[in-house]
Amino acid sequence: MKQAQPQVGFVSLGCPKALVDSERILTQLSAEGYAISGSYDEADLVVVNTCGFIDSAVEESLEAIGEALDENGRVIVTGCLGANADKVLAAYPNVLAVTGPHAYEAVMQSVHAHLPPLHDPYTDLIPPQGVRLTPRHYAYLKISEGCNHRCSFCIIPALRGDLVSRPIGDVLQEAENLVNAGVKELLVISQDTSAYGIDTQYRTGFWQGRPLKTHSQQLAEALGEMGVWVRLHYVYPYPHVDRLIPLMAEGKILPYLDIPFQHASPPVLKAMRRPAHAEKVLDRLQNWRATCPDIAVRSTFIVGFPGETEEDFETLLDFLQEAELDRVGAFTYSDIDGAPANDLPGAVPEEVKEERLERFMEVQADISAAKLSRLVGQTMTVLVDEAGDGQSIARSHRDAPEIDGQVIIEGTELPVGEFAQVHITHADEHDLWARI
């Protein structure tokens, strides 16, 4: 009698970096003969990849674990919340195992212990690009783990450790496999993309028989030769980032930078343990735009950080108006278990935080609407994400999936995953409308 194929359910929460972790675990499960179940009922056990960065993410992760236990009963917990195993076990002492982030081997060992694999793994059935959770036409490419910075509001180094760069040959081989599988856009991610290779700067890697130095510029150059969109996320504003802008102007990588500035007031940035040079940032933005006029800059900010005064917040608003960033996300500060910022004096009342966030987003909405209105009448290249009901939903170089705006193409349903040339007809503060 043929042995039944063991089935594993999977719940993936958190950021794109956690999504890549999930894809790697799923790929290994598939390689060892496990089936991936889409329902709690059919799964022999469930793996929950959690997020533990902020309180709302912790709550969502705990709820997901509870749901999996209620619906299935056999649960392995991994991911960032798993780094605090005591918190997970205090809430759910009956989970099968708890592991931390990017603990691929520990997850597989736990699965083996509670659900042994088939004797004949299906290794030959696994495509070289592995199992992916994104649409076929774009993929996240994680180039490193961990972070060397010690921002006072962040616990990522405690969860994921110091920076460890992947060998450049491995990164480029994965990118090549993805492109060969039909991926049209590579989204480069890490905790600190511009720090790639600084931990291995004196070692070289190999790709296609050629020696390559391991640092972010040469990685970007190599990825830029693959003939697809290359989008950089989580770029810390080191001086050498300036060297990437000519690659954007030449069309090698997308003219898009995701740089988390976090604030603009020197006292707040000092308390955050972040660079405190807003004037230099404005100068660099001006230089980047002179070199590459099409560049789109996205950033994130925290309002209501401990000690933030009204003067500090006004400084932030002034910076926002001068910088004219293309895409902006903002959050009110909240305590994160284990973050040094929790102990800082000058806690800002919740109602003040919310009021400042509202004012911040109102200013940015006006900036964004004005910037997008300047694109009306232009022709743009877009990548189609969805189609139906007589229209298509696409993105330009200015738009990362799920976090930025969209280009809504009216009157036609285009092939998903293909590029198109469109004429921009109108805009609001977030999205563009267009026709072929």
Side-chain angles (χ1 to χ4, degrees), residues 16-17 20 128-129 137-148 163-260 284-285 287-298 326 381 383 395-401 419:
K17 294 176 284 296
V20 173
Q129 73 273 14
H137 59 284
Y138 68 79
Y140 293 103
L141 182 66
K142 184 157 66 168
I143 62 175
S144 65
E145 274 293 355
C147 183
N148 289 343
L163 176 76
V164 178
S165 300
R166 293 180 62 196
I168 191 169
D170 291 356
V171 174
L172 294 176
Q173 187 60 63
E174 181 181 347
E176 188 174 51
N177 292 344
L178 290 167
V179 172
N180 289 339
V183 165
K184 303 295 179 64
E185 179 180 12
L186 296 170
L187 299 113
V188 180
I189 59 170
S190 66
Q191 303 298 337
D192 182 0
T193 295
S194 46
Y196 175 76
I198 64 171
D199 56 323
T200 57
Q201 59 183 328
Y202 301 114
R203 299 208 305 266
T204 59
F206 290 84
W207 181 58
Q208 296 184 346
R210 306 195 310 270
L212 291 164
K213 295 180 180 178
T214 56
H215 63 71
S216 56
Q217 183 183 0
Q218 288 184 313
L219 177 63
E221 289 173 354
L223 292 174
E225 298 296 328
M226 294 192 175
V228 298
W229 276 8
V230 177
R231 188 183 302 275
L232 302 182
H233 285 278
Y234 314 116
V235 178
Y236 201 86
Y238 297 109
H240 68 252
V241 171
D242 296 349
R243 302 176 199 164
L244 298 175
I245 310 306
L247 295 178
M248 298 178 181
E250 295 165 13
K252 297 292 183 65
I253 60 178
L254 287 183
Y256 177 99
L257 272 181
D258 173 11
I259 300 182
R284 292 177 76 191
L285 284 169
N287 292 334
W288 294 345
R289 288 164 175 159
T291 302
C292 182
D294 287 337
I295 190 170
V297 181
R298 132 171 285 280
D326 299 86
T381 300
L383 181 59
R395 293 177 292 106
S396 72
H397 76 271
R398 306 167 57 85
D399 310 309
F419 292 105

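The analysis underlying the following values was restricted to heavy atoms, covering all of them including side chains, and did not include hydrogens, waters or symmetry mates.
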Looking only at atom types and distance, does a side-chain atom of Thr193 sit under 3.5 Å from a main-chain N or O of His233, one as donor and one as acceptor?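 Present.
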In Å and rounded to the nearest 0.5 Å, what is the [atom1] to [atom2] distance from [X] to [Y]?
{"X": "Arg231", "Y": "Glu185", "atom1": "CZ", "atom2": "CD", "value": "4.5 Å"}
{"X": "Arg398", "Y": "Asp294", "atom1": "CZ", "atom2": "CG", "value": "8.5 Å"}
{"X": "Ile259", "Y": "Trp288", "atom1": "CD1", "atom2": "CH2", "value": "3.5 Å"}
{"X": "Leu232", "Y": "Arg298", "atom1": "CG", "atom2": "CZ", "value": "14.0 Å"}
{"X": "Tyr236", "Y": "Ser194", "atom1": "OH", "atom2": "OG", "value": "9.0 Å"}
{"X": "Ile189", "Y": "Leu141", "atom1": "CD1", "atom2": "CG", "value": "8.0 Å"}

Using every non-hydrogen atom in the two residues, find where [X] and [Y] come nearest and quote the distance to one decimal.
{"X": "Ile143", "Y": "Ser190", "result": "CG1-CB, 3.9 Å"}
{"X": "Ala175", "Y": "Leu223", "result": "CB-CD2, 3.6 Å"}
{"X": "Pro255", "Y": "Cys292", "result": "CB-SG, 3.6 Å"}
{"X": "Val230", "Y": "Gly224", "result": "CG2-N, 4.5 Å"}

Under 4.0 Å between a side-chain nitrogen and a carboxylate oxygen: does that hold for Glu225 and Lys252?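 Salt bridge present between Glu225 and Lys252.
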Which residues share a side-chain contact (heavy atoms from CB on, under 4.5 Å) with Ala220, sequence neighbours left out: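 Expected list: Leu244, Leu247, Ile253.
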Decide yes or no for [X] and [Y]: does some side-chain heavy atom of the first lie under 4.5 Å from some side-chain heavy atom of the second?
{"X": "Pro16", "Y": "Tyr234", "result": "yes"}
{"X": "Leu178", "Y": "Val228", "result": "no"}
{"X": "Met248", "Y": "His397", "result": "no"}
{"X": "Leu285", "Y": "Arg289", "result": "yes"}
{"X": "Leu219", "Y": "Leu172", "result": "yes"}
{"X": "Asn287", "Y": "Asp242", "result": "no"}
{"X": "Leu383", "Y": "Arg395", "result": "yes"}
{"X": "Leu186", "Y": "Val179", "result": "yes"}

Could you give me the CA-CA distance, side-chain angles and deciding distance for Leu257 and Ile245, then say whether side-chain contact (heavy atoms from CB on, under 4.5 Å) is met? CA-CA 9 Å; Leu257 272 181; Ile245 310 306; 3.8 Å; yes
Pair Tyr138 and Trp229, ring centroids less than 6.0 Å apart: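 Centroid separation for Tyr138 and Trp229: 6.0 Å or greater.
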Distance alone, cut at 3.5 Å: any donor-acceptor contact between the side chains of Glu176 and Asn180? no
For Asp192 and Tyr238, which I'm curious about, is there any donor-acceptor pair between the side chains at under 3.5 Å?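 The answer is yes; a qualifying pair exists.
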Kindly determine whether Tyr196 and Val171 satisfy side-chain contact (heavy atoms from CB on, under 4.5 Å), including the steps that lead there. CA-CA 11 Å; Tyr196 175 76; Val171 174; 4.2 Å; yes
Name all residues meeting the salt bridge (Lys or Arg N to Asp or Glu O under 4.0 Å) criterion together with Asp258; count only those two or more places apart in sequence or in a different chain, and write none if there are none.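 Result, salt bridge (Lys or Arg N to Asp or Glu O under 4.0 Å) vs Asp258: none returned.
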Stepwise side-chain contact (heavy atoms from CB on, under 4.5 Å) test for Tyr256 and Asp326: CA-CA 10 Å; Tyr256 177 99; Asp326 299 86; over 6 Å; no
